[in-house]
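Letters A, B, ... are given to chains in the order of the sequence lines, protein chains preceding strands, and every chain is numbered from 1. Keep in mind it's a predicted model, so treat the numbers as computed, not measured.
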Amino acid sequence: MPELPEVELTRRKLLPLISGERITAFHSAWPRNIIGASRIAMARELPGRAIRSVERRGKVLLVDLSGAPARQFAVHLCMSGRLAVEPAGSVRSPWARAWWTLGNGTELRFIDPRKFGRIWYGDPARLLAHAYLSSLGPDARTIGREAFIRRVAGRRAGIKALLLRQDTIAGIGNILADESLWRARIHPRAIAASLSAKTLGRLHRALLATIAASLRAGGSSLRDWAGPDGARGGFREHHRVYGRAGSHCPRCRCVLKRMIVAGRGTTACSRCQRNR
DNA sequence: ATAGTAGCCTGGCGGC
DNA sequence: TGCCGCCAGGCTACTA
Ligand SMILES: [Zn+2]
């Protein structure tokens, strides 16, 4: 499941493979996931433009293109998406939803079995004005302790619901949320306003540590996600709670429980993560 | 401001 | 063995 670490790893591996390369063709096999333009406009406007940069905002990759008028595209991998760079003549995955043929004989392919991923395209300013992109909060990987506390302190929502909202902090998904809350010993349903600054500081620290550990391990590959080169991540082996309901808590040996919080499957330890 | 739910989509799973 | 129905998951749109 691509969250911040998987998207960041995708960006890092993508950079040397595609930056500076010229697009020679674009195709979409699932135009419904394109926002802001038609696939016809994309196929007409993209050829001839070079890839200038690949940035990340939360879980979104933002690609800046050369040429006039200015154009960018953005990709959200959602749950099952990944970006692959493969030889242009090779057989495409049956789940390839869009592909950019590049001048160096390779092809950037958006592979997304569940079709939940999205592609935004258009003028840079208009692109960032789209509801999702314009509302993104500060990035989870770089947010400072004070800014983190300011974003959540005093709010009456449950802490996990707040963490998952991309307008609170950008980049957190179900894995990072459950793992960070476990590390910080906070119940997923705890009301944010009931948590002290010290406790929120612990959560901030836990979040950054979880992100760093996931990056180091190459991200979490559950079913579909892999890097542009096909390499899968090993962070799943390091999960303390996510996907481990029924197993023992690594800290207190209690049985981890599964529940629904903010509409998402959630695993937590009822002894370490008390809701007071 | 916050919570809840339906819908999107399909591979994989459990049940039979 | 094969078929069927259900579910997960991030996000949007909607209601309360
Ligand atoms: Zn525990």
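Using a 4.0 Å cut-off on heavy atoms, the residues of residues 165-183 of chain A that approach DNA chain C are Gln166(A), Asn174(A), listed by number. Near DNA chain C, meaning a heavy atom under 4.0 Å away, the residues from residues 111-120 of chain A are Arg114(A), Phe116(A), Arg118(A).
Residue Arg264(A) contributes atom CZ, which lies 12 Å from atom P of dA3(B) at whole-angstrom precision. Taking atom CD1 of residue Ile191(A) and atom P of nucleotide dA3(B), one finds them 6 Å apart after rounding to whole Å. Nucleotide dA1(B) holds its C1' atom 15 Å from the CD1 atom of Ile159(A), rounded to whole Å.
Around CZ of Arg49(A), the count of heavy atoms belonging to other residues, nucleotides or ligands within 6.0 Å exceeds 12.
For residues 240-276 of chain A, the set of pairs meeting the ring pair (Phe, Tyr, Trp, His ring centres under 6.0 Å) definition, not counting sequence neighbours, comprises His239(A)-Tyr242(A). The ring pair (Phe, Tyr, Trp, His ring centres under 6.0 Å) analysis of residues 132-183 of chain A, with sequence neighbours excluded, yields the pairs His76(A)-Tyr132(A), Trp120(A)-Tyr132(A), Phe148(A)-His204(A).
In this model, a donor atom of one side chain and an acceptor atom of the other lie less than 3.5 Å apart for Glu45(A) and Tyr121(A). With no hydrogens or angles considered, a side-chain donor-acceptor pair links Arg183(A) and Thr210(A) at under 3.5 Å.
For Arg244(A), the side-chain contact (heavy atoms from CB on, under 4.5 Å) partners two or more places apart in sequence, or in a different chain, are Ser247(A), Pro250(A), Leu256(A).
Judged by distance alone, with hydrogens and angles left aside, the side-chain atoms of Ser66(A) form a donor-acceptor pair with the main-chain N or O of Ala50(A) at under 3.5 Å.
Nucleic acid contact for Gly263(A): none, since no nucleic acid atom lies under 4.0 Å from a heavy atom of the residue.
Read 5' to 3', the first and last nucleotides of DNA chain C with an atom closer than 4.0 Å to a heavy atom of chain A are dA8(C) to dT12(C).
Salt-bridge annotation for Arg12(A) and Glu8(A): present, with a side-chain N of the basic residue lying under 4.0 Å from a carboxylate O of the acidic one. Glu6(A) has no carboxylate O lying under 4.0 Å from a charged side-chain N of Lys59(A), or vice versa, which leaves the two without a salt bridge.
Taking the ring centre of Trp100(A) as origin, the terminal cationic atom of Arg109(A) falls outside the region bounded by 6.0 Å and 45° from the ring axis.
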